[in-house]
Protein chains: 2
Amino acid sequence: MDTTQRTDQQRSADRRRRELLEAADRVVLRDGPQASMNAIAAEAGITKPILYRHFGDKGGLYAALAMRHTDALLDSLRAALDAPADRRERVEATLDTYLTAIELRPQVYRFLMHPAEGGQPGDQGFDVGKHSAPLLRRMGEELAQVIEERLDLGPGGQQLARVWGHGIVGMMHAAGDWWLGERPCSRAELVRSLADLLWGRLAAAGDRVGGPGF
Amino acid sequence: MDTTQRTDQQRSADRRRRELLEAADRVVLRDGPQASMNAIAAEAGITKPILYRHFGDKGGLYAALAMRHTDALLDSLRAALDAPADRRERVEATLDTYLTAIELRPQVYRFLMHPAEGGQPGDQGFDVGKHSAPLLRRMGEELAQVIEERLDLGPGGQQLARVWGHGIVGMMHAAGDWWLGERPCSRAELVRSLADLLWGRLAAAGDRVGGPGF
DNA sequence: AGACTGTGTTACCGCAAGTAACATGCATGT
DNA sequence: ACATGCATGTTACTTGCGGTAACACAGTCT
């Protein structure tokens, strides 16, 4: 048996799996994360047990679905992070890439950030609590790696890079979530404000007259 | 009718509501956010319909529960934020207060950050997606207000303060979530690393030899 | 032909959210 | 004293989901 050569059946199964994922994608994007397995099966033109044979349980399906989108988003973020420009420009490009993505496809974003749904007690599929939002964790780790590779942070730099990776990703996420809901300013302004924050403007700002500084 | 004077019945109902919330608290802290209404009712020594009369639906109960803990946490954060010290010390004290809280009561933390559970299709109670994590939003707004009151940020300062408020809260949250799961370092180190990030060390760091800067 | 495997179905279980419909203690108005 | 209301409590039910068992039908290999 050649392990690299895939049999026809394997390829057929993979193709089917992709079709099912695309159907699930349509339903989840239409109905939100509480889309039922029945609805997904109907969209795919089949019935429930097939979904369960392919993905185990709802958590498995959602994890597979999330993986696709997460991979796609991470690819575009990596591209922005690796662009030939100086540090500030890269940071702004990365922020802008992320914000553009969530702005263009808010439904995908909602699904990725709040995948913990349908939590029956028997639902051992997703394990909420251990990895709240896999996307955030993965982005944090990737950013940490880039920071650690590119910046000279002295002793303890690796750990510092990880803290910063997760912290910056969290900053981007929370600000983006809030911005997406309220739209208080343009995307460019948001990018600039966040980059300013990362560039130490918080520490550099002067106190307001009449009181102690923050 | 005096609107400020509460009748005996009102006071009794309020007391009962508090008792129910405390029972719910015990169950949620024991079983996680997927605790069933039946289990909560049993813990309180009553049956389901009473819970529904008091809180409408599961979302209402969880919202009330979250409000209690959120208020408590926000109070302690405000205290740290208002301490008589310089800016850096206050930032570190606030970070430390938050991290201590989530470290001491991780179950409460999990509940507050991932309240969207048991999402049946009929569950119109919580409206996931509109307000993902009420705690984060409230912390962001409060911090924004403090920043705007205390710092002189020039024109557009109010908007900048809101972006920063939500961004900093998100940074704290994501880093805390990651730290709570992996415990890669002590709390003090984490606080210091995050404060360093806010103080612009990212921009000030030198490039690594052999490649362009991040 | 007959066994095996992948794909599909119907019909069902268990369980949780949420809802009548009915019972009961207790204060009040006449 | 007695009926009226009202809050508080119950049992029993419906609905709808996740998940599974059991069965049915194609193609393929020996």
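In the text below, chain A, chain B and the rest are named by the order of the sequence lines, each starting its count at 1. All figures in this text were calculated on a predicted structure; none of them were measured in a lab.
In this structure, CD in Glu189(B) is found 11.5 Å from CG in Asp196(B), a value given to the nearest 0.5 Å.
Taking only distance into account, the side chain of Lys58(B) never meets the base of dG18(C) through a donor-acceptor pair shorter than 3.5 Å.
Nucleic acid contact for Ser36(B): sugar-phosphate only, since backbone atoms but no base atoms lie under 4.0 Å from a heavy atom of the residue. Note on Arg53(B): a base of the nucleic acid sits closer than 4.0 angstrom, heavy atoms only.
Ring planes of Trp178(B) and His166(A): parallel class, angle under 30° (limits at 30 and 60°).
We find that NE2 of His54(B) is positioned 16 Å from P of dG18(C), with the value rounded to whole Å. What separates CE of Met37(B) from P of dC13(D) is a distance of 21 Å, to the nearest Å. Atom pair Phe55(B):CZ and dG18(C):C1' shows a separation of 16 Å (rounding to whole Å applied). Rounded to whole angstrom, the span from the CD1 atom of Ile50(B) across to the C1' atom of dA23(C) amounts to 13 Å. Taking atom CG of residue Leu20(A) and atom C1' of nucleotide dG8(C), one finds them 12 Å apart after rounding to whole Å. Note: OH (Tyr52(A)) to C1' (dA21(D)) measures 14 Å, nearest angstrom. The distance between atom CZ of Arg16(A) and atom C1' of dT7(C), rounded to the nearest whole Å, is 9 Å. Going from atom CG of Asn38(A) over to atom C1' of dT9(C) covers 13 Å, rounded to whole Å.
Thr100(B) and Glu103(B) form no side-chain donor-acceptor contact under 3.5 Å, judged by distance and modelled atom types alone.
Phosphate proximity of dG9(D) to Thr47(B): absent, as no side-chain N or O sits under 4.0 Å from OP1 or OP2.
Taking only side-chain atoms of Pro49(A), from C-beta outward, the nucleotide of dT11(D), dT9(C), dG8(C) with the closest atom is dT9(C).
Residue order along DNA chain C, read from the 5' end via each residue's closest nucleotide, puts Ile46(A) first among Ile46(A) and Ala35(B).
The cationic atom of Arg183(A) (NZ for Lys, CZ for Arg) lies less than 6.0 Å from the six-membered ring centre of Trp179(A) and within 45° of the ring axis.
With ring centers used as reference points, Tyr62(A) lies under 6.0 Å from Phe111(A).
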